[in-house]
Amino acid sequence: TTIPPSTTTTIPPSTTTTTIYKGPYIEYPGFEGSNQTSLEELSKQLPNLMLRIIELNQIKIINGCHQYGLSLNDRCPYGVWDSSGTSPDGTKDAEWSLSIWISNRAFAAGVAYDVLLHESLHAFSFTTRNCLKNSDTNYRKDAREFFGGEEYLVDALVLYYGGTYNHYRIAGELDSSEQEYLTGYINTCSA
């Protein structure tokens, strides 16, 4: 038998570049950052109302594993809305108050946009905490009762805005009464 001559293959250098985030979030416990640029691009696709709420309230959108959420769930949650700036030990008033956290797990699972939409809708719900449905009914409280709690309300809002991934809701698509309810809630509390 003849031994074939050895061959050498030259692989051209990669032309892929990775953007390294160099902003203030890098110091936050749990910051992951490898999807920060992608997350910022995804956030531009949110409904106009969510974009307005994020801008008006200066809400931070962070690619990371929220450490207090991790401690509660024994795994990194896909996303967290943190209105009060909760530190890993559960204390409040960290510099990331009013923040949305989307983890690398959400990107790996292919649900990052819907999780971002879900968490931004928590921000919407938060901003409606003083909205009145009528002279003696708080609309947010009423909406939570109508849907069975905050997470179910927000999952319904995800469907309302065209999202498909729900973590809590098992009832399927919105029915006409739910659509009508959400339209009234949004129109009244976003004016």
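Note that the structure is predicted; figures quoted are calculated from it, not measured.
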Quiz item: Within a strict 4.5 Å, meaning less than it, do heavy atoms of the Tyr168 and His118 side chains meet?
Solution: yes

Quiz prompt | Any Val154 side-chain heavy atom under 4.5 Å of Trp81 side chain | solution = no

Exercise. May I ask you to say whether Glu151 pairs ionically with Arg144, meaning some side-chain N is under 4.0 Å from a carboxylate O?
Key: no

Self-check item: Centroid-centroid distance, Tyr28 to Phe31, less than 6.0 Å
Solution: no

Practice problem: Taking Lys133 for its side chain and Asp142 for its backbone only, find out whether a donor-acceptor pair lies under 3.5 Å. | Solution: no

Quiz item: For Ala143, does its backbone N or O pair with a side-chain atom of Tyr181 as donor and acceptor, under 3.5 Å?
Solution: yes

Quiz item: Between Asn57 (side chain) and Ile59 (backbone), is there a donor-acceptor pair under 3.5 Å?
Solution: no

Exercise. Can you sort out the partners of Lys141 under side-chain contact (heavy atoms from CB on, under 4.5 Å), two or more places apart, ordered by chain and number?
Key: Asn138, Glu145

Quiz item: Closest approach of Leu49 and Ser190, non-hydrogen atoms and distance?
Solution: CD1-CB, 3.5 Å

Quiz item: Between Asn63 and Tyr25, is any pair of side-chain heavy atoms under 4.5 Å apart?
Solution: no

Quiz item: Any donor and acceptor pair, going by atom type alone, linking the side chain of Asn134 with main-chain N or O of Thr137 inside 3.5 Å?
Solution: yes

Practice problem: Taking the side chain as every heavy atom from C-beta outward, state whether Ile53 and Ser120 have any atom pair closer than 4.5 Å. | Solution: no

Exercise. Determine, using ring centers only, whether Tyr160 and Tyr185 are less than 6.0 Å apart.
Key: no

Practice problem: Taking the side chain as every heavy atom from C-beta outward, state whether Glu32 and Ser103 have any pair of such atoms under 4.5 Å apart. | Solution: yes

Quiz item: Is there a donor-acceptor contact under 3.5 Å from the side chain of Ser125 to the main chain of Leu121?
Solution: no

Self-check item: Plane angle bin for His66 and Tyr68 - parallel if under 30°, tilted between 30 and 60°, otherwise perpendicular
Solution: perpendicular

Quiz prompt | N/O donor-acceptor pair under 3.5 Å between Arg75 side chain and Leu70 backbone | solution = no

Exercise. Taking only Lys NZ, Arg NE, NH1 and NH2, and the carboxylate oxygens of Asp or Glu, determine whether Glu41 and Lys44 approach each other closer than 4.0 Å.
Key: yes

Quiz item: Heavy atoms, side chains only, cut-off 4.5 Å: are Ile54 and Leu46 in contact?
Solution: yes

Quiz prompt | Closest contact, heavy atoms only, Asp155 versus Asn166 | solution = O-ND2, 3.3 Å

Exercise. Report yes if some heavy atom in the side chain of Trp96 is under 4.5 Å from a heavy atom in the side chain of Pro29; otherwise report no.
Key: yes

